[in-house]
Amino acid sequence: MLDKNKYALFLLLLALFLSVAAALEKDESITVKASVWVRNRLPSGQNVTIHCQSKDDDLGVHTILPNDIYNFEFHNNIWGTTLFFCRVTTSYGQGLYDFYKYSRDKKRCTVCVYRVTKDGVSALSTVPGGTDFFFKWQ
Ligand SMILES: *[C@@H]1O[C@H](CO)[C@@H](O)[C@H](O)[C@H]1NC(C)=O
C-alpha cells in the first residue's frame, strides 16, 4: 500500500518536473540571448558563402559580399547545449566549424565576432580577457 503511494507520488513529481522544464525551455526571458557576426575580410572582392545550422534550425545558405556582415541571433537553451556550426566556403579554402558552442563561448561572448580572411576564420572575443582563436581552412 505504502509503496503504491510512493510510486504515485514519484510519477506526480516526475510529471511536474517535466512540465516545468518544458515551460522553462520556452521562456525566452530566462535564457541568454547571443549572436554571431561574420565579416567578409577576403582580399580582392571575393564573396564568402556561409551555411549555419543547429540541431533544430537550418539558417540556409548565404552569400557575404566583400566587407559585408552576416549575423544571426538565438537564445541559449536551458540545458547548456546550444551549438551552431557553419560551413564557410571561399575561393581560398573552406571548412566546417563551431561558431557558437555554449561550453566554449559562455564566458567569451554574447556577441560573437568572426572575420573571414584568406587563411581561415578568426574569432575575436568581445569581453575583456576573453580568448581569441583561429580556424584554418580544412
Ligand atoms: C558575389 O555575389 C554577388 C551576389 O550573388 C554576385 O553578383 C557577384 O558576382 C559575386 N562576386 C564574385 C566575385 O563572385
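The model shown is predicted, which means the values in this text are computed figures rather than measured ones. In listed order, ligands and their atoms are each counted from 1.
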* Asked: Can you find a heavy atom in the side chain of Arg39 that is under 4.5 Å from one in the side chain of Asn67?
  -> yes
* Asked: Would you say Tyr92 and Leu42 make side-chain contact, with heavy atoms under 4.5 Å?
  -> yes
* What's the verdict on side-chain contact (heavy atoms from CB on, under 4.5 Å) for Phe99 and Val121, showing C-alpha distance, side-chain angles and the deciding distance? -> CA-CA 10 Å; Phe99 273 62; Val121 182; 4.0 Å; yes
* How are the rings of Tyr7 and Phe10 set relative to one another: parallel (under 30°), tilted (30 to 60°) or perpendicular (over 60°)? -> parallel
Sequence neighbours left out, cut at 3.5 Å: what donor-acceptor pairs do the side chains of residues 128-138 make with other protein atoms?
unit_1 : atom_1 : unit_2 : atom_2 : d
Asp132 : OD1    : Ser125 : N      : 2.8
Trp137 : NE1    : Lys118 : O      : 2.8
Gln138 : OE1    : Leu96  : N      : 2.9
Gln138 : NE2    : Leu96  : O      : 3.1

* Does the separation of the ring centres of Tyr114 and Tyr97 fall below 6.0 angstrom? -> no
* Structure fact -> Within the heavy-atom cut-off of under 4.0 Å, ligand 1 is lined by Gly45, Asn47, Thr63, Leu65
